[in-house]
Amino acid sequence: MLRLDSDVQYVKGVGPRRASLLASRDIRTVQDLLLHLPKSYQDRAHFIPLSGLKIGQDAAVHARVYRSRVIQTRTRGRILDVILTDGSSFVHAKWFHGAYLQTREFSAGREVVLFGRVDFDRYESKFVFFNPEFELLDEGKDSASLDIGRYVPVYEEVGGITSRQLRHIIAAALADSAKDINDPLPEEILEAHGLPDLRTCLERVHFPEPDDELTKLNQRRSPYHRRLIFEEFFLLELIFALRRIQSRSREGVRFETSERIRQQVKMILPFHPTAAQKRVLKEIVDDLKAPYPMVRLLQGDVGSGKTIVAFEAIVIAVSNGYQAALMAPTEILAEQHFLNAKRILAPLNYRIAVVRRGIKKAEKQELLEKIASGEIQVIVGTHALLEERTLFKNLGMVIIDEQHRFGVVQRLQLMAKGENPNTLVMTATPIPRTLAMTLYGDLDLSVIDQMPPGRSPIRTVHVMERDAEHIYEMIRGELKQGHQAYVVYPVIEESEKIDLKSATEGFKKLSAIFAGYRVALLHGRLKSEQKEQTMAAFAAGESHVLVSTTVIEVGVDVANATIMLIQHAERFGLAQLHQLRGRVGRGAQQSLCILMTPNRINDVARERIRAMVSSTDGFRLAEVDLQLRGPGEMAGTRQSGIPEFRVANLMTDGELLSLAQQEAQRWADRSEERGRLIEALSGRARLVTVG
């Protein structure tokens with residue numbers, strides 16, 4: 001008797017060789033095999049009269065053999081040609097290299113059902129099935145079949161194992177598995193939401209009964225599909241719910257928010273905060289006053305004002321006598337945060353430092369000693385903050401910017417530098433709610449969904465390379481008005497293998513085109529000091545055109561920059577294009593983003609460009625990005641910890657995800673149930689693989 005965790009090689013029809021093929025698709029246990037669901041179903045239950053056949057349709061027919069013969073051909077070898085009749089008409093069925101079937105199977109008068117696509121044989125001027133699946137019927141015997149006379153599951157092939165072979169292997173696995181499969185879902189949940197038990201689900205998603213609604217099955221909306229989707233989401237959300245409970249069981253750094261601290265927060269505000277910023281700050285303050293550590297995700301569109309909210313949280317931490325650390329994924333972004341911190345926090349005279357590469361050994365040692373002693377209050381840095389020798393005296397606030405570029409482990413590493421510090425994770429990349437719930441399900445979520453006043457909307461246009469001269473004239477027009485421009489390239493240096501315009505070549509060309517203006521070059525390979533000097537000069541208006549790679553994607557804020565040209569825009573992801581576009585439109589002037597592509601681009605790139613031109617709403621674009629690329633690619637693939645679902649689909653099953661999250665939280669809160677649920681998780685961990 002097989003169990004769900006039994007090795008798949010012990011299923012009848014598998015064995016070691018096929019087990020290795022299945023393992024290439026991460027199918028290693030009976031459970032994995034049973035969760036390899038059909039991609040569609042074929043109606044082989046309703047037979048079509050031969051007189052009603054139409055070219056191109058998939059049809060099941062029930063007929064008798066009228067005559068069979070073997071035809072010798074020069075190109076296709078020996079072909080078995082069988083003529084069938086049901087009294088209403090005749091049809092041919094042909095099997096290439098099928099001569100061996102003639103005497104063994106297709107004798108005259110033999111009753112047969114077959115399934116295949118109806119074609120037209122121009123030589124015979126007859127309808128024909130080429131290489132159809134068939135079943136020979138013996139009178140007086142049970143004619144039950146997995147392949148004919150029913151709704152038949154169709155599977156994606158695995159390592160050369162055909163759909164038909166998988167059908168029989170999965171049937172064998174179900175037949176040899178225990179009838180009473182341990183169901184991880186509480187019976188109360190099954191009853192409350194009308195969900196069938198696990199055994200029934202597995203049987204009916206693979207081998208539907210005649211009264212099952214196949215139109216719904218094809219749309220993954222049968223009760224059996226819905227139950228498996230819900231279960232997968234429920235187990236994932238249960239992990240997150242248990243993590244939140246564990247986090248809240250720890251004693252955190254508790255901050256006070258007195259009138260004195262509130263006044264200090266007001267001192268750094270450059271403008272009156274939006275209602276969304278006020279709401280989010282209140283959510284953060286409520287967390288900071290709680291006895292457990294804050295673990296919150298702050299999400300907002302480009303330019304929505306997340307940074308100032310983060311600095312407000314820093315003021316609360318430092319005013320309570322603690323250090324605050326802000327970690328960014330790139331040196332340019334860390335440098336930008338450092339400069340912003342010095343400017344925004346200047347009225348409070350905080351001691352602020354940035355930990356980066358390129359600092360001389362003696363200077364870095366002195367800096368690390370000041371951080372360890374508590375002399376430095378606000379510490380900004382990249383991955384350097386995670387190094388063993390970077391120690392803090394009393395780290396009370398951790399802020400991680402662009403969290404999706406790090407990973408869960410790196411977040412925990414920085415949090416471990418203090419005694420359960422409060423943690424604020426930020427992302428300027430809008431994420432659809434369904435994806436946020438799976439990437440950051442263990443975090444509380446705050447969203448800034450309102451833009452600060454005084455921002456002009458950014459106009460976006462798509463042009464071809466043949467329009468380059470006209471575009472350069474538009475940029476020159478902006479420069480004449482005293483404004484600045486970005487020109488973004490996808491690579492640094494020209495490669496022989498890819499036909500992309502490079503930043504270094506573009507810099508030389510644009511320096512000549514915009515003679516009389518100062519053109520600067522910025523890319524990731526420059527030394528830290530060069531990057532800082534280049535950005536500082538552009539921010540001060542000392543250079544007019546900044547030629548750059550995607551290092552300016554986030555964190556760069558120059559209000560006087562009003563026009564951006566993105567070369568080879570078809571090579572960028574939608575989220576990346578939106579981030580780049582957010583570098584203009586930072587002031588009150590009308591701004592323009594120009595997406596330049598070759599004359600011919602593929603369909604996916606065209607959809608991305610069309611979405612960019614039609615919308616500036618980052619959350620709307622994120623939904624489009626999720627549809628075009630899928631969750632793994634959109635989130636930076638596996639390092640972000642995105643689960644690999646076997647049944648569920650984030651793009652279509654958001655309603656079930658929300659329901660699963662509610663139920664998981666409710667059950668995790670019931671302490672008497674936790675032990676059983678944790679046991680169910682450990683027993684079925686392969687349902688959700690969380691990075």
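This structure is a prediction, so every number in the text was calculated from the model and none was measured.
- For the pair K509 and Y472, the minimum side-chain heavy-atom distance is below 4.5 Å.
- Inspection of the T460 and R581 side chains reveals an N or O donor paired with an N or O acceptor under 3.5 Å.
- Residues L326 and F338 form no side-chain contact, since every pair of their non-hydrogen atoms from C-beta on lies 4.5 Å or further apart.
- Listed by chain and residue number, E366 satisfy the salt bridge (Lys or Arg N to Asp or Glu O under 4.0 Å) test with K370 (two or more places apart in sequence, or in another chain).
- Atom CZ of R571 sits about 11.0 Å away from atom CD1 of I601, to the nearest 0.5 Å.
- For E607, the side-chain contact (heavy atoms from CB on, under 4.5 Å) partners two or more places apart in sequence, or in a different chain, are R610, L628.
- Residue pairs that meet the salt bridge (Lys or Arg N to Asp or Glu O under 4.0 Å) test with at least one member in residues 342-352, sequence neighbours left out, do not exist here.
- With hydrogens and angles left out, the side-chain atoms of H578 and Q576 include no donor and acceptor closer than 3.5 Å.
- With rounding to the nearest 0.5 angstrom, the CD1 atom of I352 is 10.0 Å from the CD1 atom of I379.
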Any chance you could lay out the side-chain contact (heavy atoms from CB on, under 4.5 Å) test for M397 and L288, step after step, and finish with the verdict? CA-CA 9 Å; M397 170 66 70; L288 297 180; 3.7 Å; yes

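- In this view, K531 satisfies the salt bridge (Lys or Arg N to Asp or Glu O under 4.0 Å) rule with no residue, not counting sequence neighbours.
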I'd like a table of donor-acceptor pairs (distance under 3.5 Å, sequence neighbours excluded) in which one partner is a side-chain atom from residues 533-547, with atom names and distances.
residue: T534; atom: OG1; partner: Q530; partner atom: O; Å: 2.7
residue: H544; atom: ND1; partner: R518; partner atom: N; Å: 2.9

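- Qualifying side-chain contact (heavy atoms from CB on, under 4.5 Å) partners for R279, counting only residues two or more places apart in sequence or in other chains: A276, E283, D449.
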Evaluate the side-chain contact (heavy atoms from CB on, under 4.5 Å) criterion for residues Y517 and K480: first the C-alpha distance (whole Å), next the side-chain angles of each, then the deciding distance (0.1 Å), finally the verdict. CA-CA 10 Å; Y517 294 98; K480 286 179 180 177; 3.5 Å; yes

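- For the pairing with T562, the side-chain hydrogen bond (donor to acceptor under 3.5 Å, both in side chains) check across E478, R586, Q590 returns one residue only, E478.
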Please assess L574 against M612 for the test side-chain contact (heavy atoms from CB on, under 4.5 Å), listing each intermediate value before the final yes or no. CA-CA 7 Å; L574 193 50; M612 281 290 296; 3.4 Å; yes

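- Two residues are said to be in side-chain contact when any heavy atoms from C-beta on lie closer than 4.5 Å; R646 and D26 meet this criterion.
- Looking only at distances, a side-chain donor or acceptor of N422 sits under 3.5 Å from a matching main-chain atom of M294.
- For the atom pair CD1 of I314 and CD1 of I344, the computed distance is 9.0 Å after rounding to the nearest 0.5 Å.
- Q264 and S319 share a side-chain donor-acceptor pair at under 3.5 Å.
- The CG atom of L386 sits 6.0 Å away from atom CD of Q410, with the distance rounded to the nearest 0.5 Å.
- Considering all non-hydrogen atoms of both residues, F507 and A520 come closest at CE1-C, 3.9 Å.
- For H470, the side chain to side chain donor-acceptor pair (under 3.5 Å) criterion is met by no residue, not counting sequence neighbours.
- Across every non-hydrogen atom of L521 and A503, the tightest pair is CD1-O, 3.8 Å.
- Here the side chains of H483 and N560 are in contact, with some heavy-atom distance below 4.5 Å.
- Here R606 pairs with D603 under the salt bridge (Lys or Arg N to Asp or Glu O under 4.0 Å) rule; sequence neighbours left out.
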Verify side-chain contact (heavy atoms from CB on, under 4.5 Å) between H337 and T307, making sure each step is shown before the conclusion. CA-CA 9 Å; H337 279 311; T307 303; 4.3 Å; yes

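- Partners of R600 by side-chain contact (heavy atoms from CB on, under 4.5 Å), not counting sequence neighbours: none found.
- The minimum heavy-atom distance linking E465 with N599 is given by the pair N-OD1, 4.2 Å.
- Here the closest non-hydrogen pair linking I371 and Q323 is O-NE2, 2.9 Å.
- In this structure, the side chains of R476 and I513 come closer than 4.5 Å at one or more pairs of heavy atoms.
- Partners of R25 according to the salt bridge (Lys or Arg N to Asp or Glu O under 4.0 Å) rule, which considers only residues two or more places apart in sequence or in another chain, are E156.
- Taking the side chain as every heavy atom from C-beta outward, L298 and I448 approach each other to under 4.5 Å.
- A 4.5 Å side-chain heavy-atom check between L368 and T390 finds at least one atom pair inside the cut-off.
- Distance check, rounded to the nearest 0.5 Å: OG of S548 to CE of M564 gives 8.0 Å.
- In terms of heavy-atom proximity, A468 sits nearest to M596 at CA-CE, 3.8 Å.
- Proximity of N340 to Q336: side-chain heavy atoms (C-beta onward) are separated by under 4.5 Å at one or more points.
- Checking side-chain atoms of Q277 against main-chain N and O of T274 turns up a donor-acceptor pair under 3.5 Å.
- When all heavy atoms are compared, the tightest approach of H568 to P490 is CB-CG, 3.9 Å.
- The backbone N or O of G573 lies less than 3.5 Å from no partner atom in the side chain of R608, so there is not a single donor-acceptor pair.
- With sequence neighbours excluded, the residues forming a ring-ring contact (aromatic ring centres under 6.0 Å, His included) with Y322 are F255, listed by chain and number.
- Among residues two or more places apart in sequence or in another chain, the side-chain contact (heavy atoms from CB on, under 4.5 Å) test is passed with A569 by I566, L577, L595, T597, I609.
- Atom CZ of residue R389 and atom CD of residue Q365 lie 7.0 Å apart, to the nearest 0.5 angstrom.
- Counting non-hydrogen atoms of neighbouring residues, nucleotides and ligands closer than 6.0 angstrom, the CZ atom of R459 reaches no more than 12 such neighbours.
- Remark: side-chain polar atoms of S614 are paired, donor with acceptor, to backbone N or O of A611 under 3.5 angstrom.
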